[in-house]
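Structure first, then comments.
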Amino acid sequence: MPEDPATGSLNAAFGIWLTQSGYAPQRYTVRQGTRVGRGAILHIEATEKGVWVSGDVETRISGDVSFD
């Protein structure tokens, strides 16, 4: 399975730093994976509840986790 062209968890953490530092506006777009031929576009939005990462996805693996 090829590597994921975009990393939502990294962009969430980076989005907190960028928006709180004033380096990025509250809403911006990230493009990743272009050089490896699998371009991905992520939308980042900082709100009072946190940073939201969204974009189109293709599910490759799904599962369930339960805690006893």
Side-chain angles (χ1 to χ4, degrees):
M1 179 180 314
E3 182 181 355
D4 187 5
T7 310
S9 57
L10 172 68
N11 279 288
F14 202 44
I16 292 169
W17 178 74
L18 285 172
T19 57
Q20 290 182 357
S21 301
Y23 291 118
Q26 296 303 106
R27 300 172 98 188
Y28 64 94
T29 302
V30 173
R31 173 181 259 157
Q32 282 185 277
T34 305
R35 292 206 143 204
V36 295
R38 293 189 326 278
I41 297 175
L42 299 176
H43 305 284
I44 314 299
E45 181 177 3
T47 70
E48 64 280 348
K49 294 185 178 187
V51 171
W52 296 90
V53 179
S54 62
D56 294 335
V57 299
E58 183 177 318
T59 303
R60 297 292 186 134
I61 299 172
S62 67
D64 296 309
V65 175
S66 62
F67 297 96
D68 295 324

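Scope of the values below: all heavy atoms of this structure, side chains included, with no hydrogens, waters or symmetry mates.
- Counting heavy atoms of neighbouring residues, nucleotides and ligands inside a 6.0 Å radius, atom OH of Tyr28 exceeds 12 of them.
- Between Val53 and Gly8, the shortest heavy-atom distance links the atoms CG2-O, 3.8 Å.
- Under a 3.5 Å cut-off, the side chain of Glu45 and the backbone N or O of Val51 do not form any donor-acceptor pair.
- In this structure, the separation between CG on Asn11 and CD1 on Ile16 is 11.5 Å, given to the nearest 0.5 Å.
- Linking ILVMFWY residues whenever their side-chain heavy atoms come closer than 4.5 Å, directly or via other members, places Trp17 and Leu42 in the same cluster.
- Taking hydrophobic clusters as Ile, Leu, Val, Met, Phe, Trp and Tyr residues chained together by side-chain heavy-atom distances below 4.5 Å, Tyr23 does not share a cluster with Leu10.
- A distance of 10.5 Å separates OG1 in Thr47 from CZ in Arg27, rounded to the nearest 0.5 Å.
- In plain terms, the two heavy atoms of Gly15 and Ile44 that are nearest each other are CA-CG2, 4.3 Å.
- Proximity of Arg31 to Thr29: side-chain heavy atoms (C-beta onward) are nowhere separated by under 4.5 Å.
- With Thr7 contributing its side chain and Ser9 its backbone, the two residues share no donor-acceptor pair below 3.5 Å.
- Around the CH2 atom of Trp52, the shell of radius 6.0 Å holds no more than 12 heavy atoms that belong to other residues, nucleotides or ligands.
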